[in-house]
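Read through the structure below, which is laid out as structure tokens, and then see the notes.
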2 protein chains.
Amino acid sequence: MLKLTKKADYGLMALKYLAEHPETPALSAKDVADAYGIPAQLLAKVLQRLTKTGLLRSHAGMNGGYELARDARQISAFEVIHAIDGPLFITSCTKGTKPCELTPSCTIKEPLARVNETIAGVLKSISIQDLAEHEHPTGRSRETHGLVVLTL
Amino acid sequence: MLKLTKKADYGLMALKYLAEHPETPALSAKDVADAYGIPAQLLAKVLQRLTKTGLLRSHAGMNGGYELARDARQISAFEVIHAIDGPLFITSCTKGTKPCELTPSCTIKEPLARVNETIAGVLKSISIQDLAEHEHPTGRSRETHGLVVLTL
DNA sequence: CTGAATACGGACCGATCCAGTCGGATATAA
DNA sequence: TTATATCCGACTGGATCGGTCCGTATTCAG
């Protein structure tokens, strides 16, 4: 599968939404949830997590909510995904602690680790601003934003 | 998370193993399983699936087993993963059938689809032969195998 | 001061998925 | 004929995920 969780999706959507509304002082979790039709309480927990990792600033009380802690250009998709889904591994063995107890086996992992790096690099090259900009489904002729070179 | 399943790992390992033993007429699932210390019956099902999709040739009976259906250079990691884990999506909405019923929401998916393409491209550029070759953890100065350009 | 709105955080549940097992059927070589 | 294989469906236990509920703390408005 190789897919990221719905929470990560929600997080990206929310940050994109915040980037699209830079004027408002703060948007509540409910505001964003309603805008996208996603469960408010679930999104709230996602945003809380993003706040904890420093990607958002929160403000309790009436007219409170969330705002981007940095410029949208300075927040990468990788950071968001990492904050929500945790470290990003393509191999299913590496659980962080135990390094694959299969005898000498996982010679597979060494090349796959590079694939992992490449994917991380791609995700790091995408900012929230990029997501917000590509709202308009206009042109197909677009400039090269990122250049990723894979060396095996 | 963004990880592939253990089955896919096993499949890659098995194919790598087969590529490393080109002389033997056929290796049984048990042979490979023992070599890596992974459950034989589970690996068997993985190999059966790979056979079904045409990546392996099987031979029942005594001294039977599996062999690569093509040259190791002609089999990509992408094919293996796709055969075992199914289609590869980074977005968690796209389930194949339903295209994300969230109102206008998933403007996120358009850029992520390109990320998906990029990842697929990377995986396609890696052959089983590559995995087998990179056994030796020798040099760090290696030539560029693949060049992936990401345009957003 | 009181109350509404909001962020925070833990506990919980149902569904799904995954790793692994079991049992049996079929094929093939010795 | 028997041992060794592939083949294939069904099942189970555990983990994870999406989502909900409830209680607490914080802040603003009246």
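All chains are named by letter (A, B, ...) in the order of the sequence lines, taking the proteins before the strands, and each is independently numbered beginning at 1.
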Any idea which of D/dC7, D/dG18, C/dA29 is nearest the B/N63 side chain?
-> C/dA29

Measure from the side chain of A/P39, starting at C-beta and using heavy atoms only, and say which of C/dC8, D/dT20, C/dG20 lies closest.
-> D/dT20

Side chain of B/Q41: nearest nucleotide among C/dA7, C/dG23, D/dC28?
-> C/dG23

Roughly how far, to the nearest 0.5 Å, is the CG atom of A/L50 from the CG atom of A/L18?
-> 9.5 Å

Nearest-neighbour nucleotide for the A/S28 side chain, D/dG19, C/dA7, D/dT6 considered | C/dA7

Look at B/Y66 and D/dA5 and indicate whether a side-chain polar atom (N or O) is within less than 4.0 Å of OP1 or OP2.
-> no

Please give, in whole Å, the distance from C/dG20 C1' to B/K6 NZ?
-> 10 Å

Decide yes or no, distance alone: a donor-acceptor N/O pair under 3.5 angstrom between the base of D/dT6 and the side-chain of B/K45.
-> no

Shortest non-hydrogen separation from A/L47 to A/A14 and the atoms involved | CD2-CB, 3.8 Å

Counting heavy atoms from C-beta on, name the nucleotide in D/dT4, C/dT21, D/dG18 closest to the side chain of B/L42.
-> C/dT21

Under 3.5 Å, which donor-acceptor pairs link side chains of residues 60-75 of chain B to any protein atom two or more places apart or in another chain?
| residue | atom | partner | partner atom | Å |
| --- | --- | --- | --- | --- |
| B/E67 | OE2 | B/R57 | NE | 3.4 |
| B/R70 | NH1 | B/Q74 | O | 2.7 |
| B/R70 | NH1 | B/E79 | OE1 | 3.3 |
| B/R70 | NH1 | B/E79 | OE2 | 3.2 |
| B/R70 | NH2 | B/E79 | OE2 | 2.8 |
| B/D71 | OD1 | B/R73 | N | 2.7 |
| B/R73 | NH2 | B/E133 | OE2 | 3.4 |

Tell me: CG of B/L43 to P of C/dA19, nearest whole Å?
-> 13 Å

Nearest 0.5 Å, what's the CD-CD1 distance between A/E20 and A/I128?
-> 10.5 Å

Looking at B/V46, B/T53, B/D9, which hits side-chain contact (heavy atoms from CB on, under 4.5 Å) with B/I84?
-> B/V46

Could you state the CE-C1' distance from A/M62 to C/dT6, rounded to the nearest angstrom?
-> 9 Å

Chi angles and distances behind the side-chain contact (heavy atoms from CB on, under 4.5 Å) call for B/K6, B/Y10 = CA-CA 6 Å; B/K6 266 200 172 99; B/Y10 293 161; 3.4 Å; yes

Could you walk me through whether B/L15 and B/L56 pass the side-chain contact (heavy atoms from CB on, under 4.5 Å) check?
-> CA-CA 9 Å; B/L15 261 62; B/L56 291 178; 4.1 Å; yes

In whole angstroms, the gap separating P of C/dC18 from CG of B/L4 amounts to 12 Å

Contact check, residues 46-57 of chain B vs DNA chain C, heavy-atom distance under 4.0 Å, returns none

OP1 or OP2 of D/dC28 less than 4.0 angstrom from a side-chain nitrogen or oxygen of A/H59, does that happen here?
-> yes

Give A/K30 one of three labels, base, sugar-phosphate or nothing, depending on what nucleic acid heavy atoms sit under 4.0 Å from its own.
-> nothing

Return the value, rounded to whole Å, for the distance between atom CG of B/D34 and atom C1' of D/dA5.
-> 14 Å

Any A/T5 side-chain nitrogen or oxygen under 4.0 Å from OP1 or OP2 of D/dT16 | no

Under 4.0 angstrom, heavy atoms only, what part of the nucleic acid is A/A44 near: base, sugar-phosphate, or nothing?
-> nothing

Would you kindly give the CG-to-P distance between A/L27 and C/dA5, to the nearest whole Å?
-> 17 Å

